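Structure first, commentary second.
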Amino acid sequence: MAIQRTFVMIKPDGVQRGLIGEIISRIERKGLKVVALKMVWLDKERAERLYDIHKGKHFFDELVSFVTSGPVVAMVIEGEEAVSVVRRLIGATNPREASPGTIRGDFGLNLTKNIIHAADSVERAKYEMSIFFSDDELYEYERCSDRMVY
Ligand code: CMP
């Protein structure tokens with residue numbers, strides 16, 4: 001099992017709806033570790049860098065406009081196979097299709113306002129976290145629960 005770091009962002013709808021605590025709690029209860037965390041109000045330039053792979057797609061402008069409409073909560077999450085584990089925790093991109101029990105499946109209905117974003121690969125996670133965090137904002141620390149078996 002590989003310890004990985006992934007990038008996660010609670011979108012403006014998640015913040016507006018008061019879901020920050022619920023989402024972080026689900027991530028922590030799974031056994032994953034928060035190693036960086038901040039609230040950010042993205043400008044257009046940073047939002048376009050975050051979503052550069054979607055540039056030119058029909059939903060790009062709406063997506064950038066939405067993620068710049070209010071503050072987001074950015075975090076770096078660490079744990080065994082963190083990239084795929086977090087993707088399963090958040091559920092399918094379209095909340096209407098996301099399984100109950102996932103974050104999007106439990107809280108969302110709208111494809112753009114789908115509450116949360118997470119990187120889909122280790123490489124992408126590195127790129128996305130670099131948009132929000134400098135290296136010295138990523139902490140290495142041990143929790144007492146790290147020695148427990150989940
Ligand atoms: P996210 O995981 O943040 O990555 C890109 C986002 O684009 C996605 O979640 C959705 O919120 C948004 N989006 C809007 N329309 C589409 C679409 N047709 N296909 C994929 N993503 C879409």
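As the structure is a prediction and not an experimental result, all values here were calculated from the model. Just so you know, ligand 1 is whichever comes first in the structure, and atom 1 is the first atom listed for that ligand.
Put simply, NZ on Lys30 and CD on Glu80 are 11.0 Å apart, with the number rounded to the nearest 0.5 Å. The CE atom of Met75 sits 11.0 Å away from atom OG1 of Thr6, with the distance rounded to the nearest 0.5 Å.
Under 4.0 angstrom from ligand 1, there are no non-hydrogen atoms of Asn94. For His54, every heavy-atom contact with ligand 1 shorter than 4.0 Å involves the side chain, none the backbone. The residue Lys57 has no part lying near ligand 1, judged by heavy-atom distances below 4.0 Å.
Of all the heavy atoms in Leu109 and Asn94, the pair that sits closest is O-OD1, 4.4 Å. Contact detail for Pro12 and Phe66: the closest heavy-atom pair is CG-O, 3.4 Å. Listed here is the closest heavy atom pair of Gly14 and Ile115: CA-CG2, 4.1 Å.
Here Phe7 and Phe132 bring their ring centres to under 6.0 angstrom of each other.
Among protein heavy atoms, the minimum distance from atom 10 (C) of ligand 1 is reached at Leu111 O, 3.1 Å. Here the protein heavy atom with the shortest distance to atom 21 (N) of ligand 1 is Phe59 CZ, 3.7 Å.
Short contacts between ligand 1 and Asn114, defined as distances under 4.0 Å to a heavy atom of the residue, involve ligand atoms 8 (C), 9 (O), 10 (C), 11 (O). Contact atoms of ligand 1 toward Thr112: 11 (O), 14 (C) (distance under 4.0 Å to a heavy atom of the residue). Atoms of ligand 1 found under 4.0 Å from any heavy atom of His117 (numbered from 1 in listed order, with element): 1 (P), 2 (O), 3 (O), 4 (O).
Residue Tyr51 places a heavy atom less than 4.0 Å from ligand 1. The shortest heavy-atom distance from Arg87 to ligand 1 is not under 4.0 Å. Residue contacts with ligand 1: Glu62 is excluded, as none of its non-hydrogen atoms falls under 4.0 Å.
Put simply, the side chain of Glu78 never gets that close to the backbone of Lys33: no donor and acceptor are under 3.5 Å apart.
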Kindly determine whether Asp52 and Lys55 satisfy salt bridge (Lys or Arg N to Asp or Glu O under 4.0 Å), including the steps that lead there. CA-CA 5 Å; Asp52 62 344; Lys55 205 169 177 112; over 6 Å; no
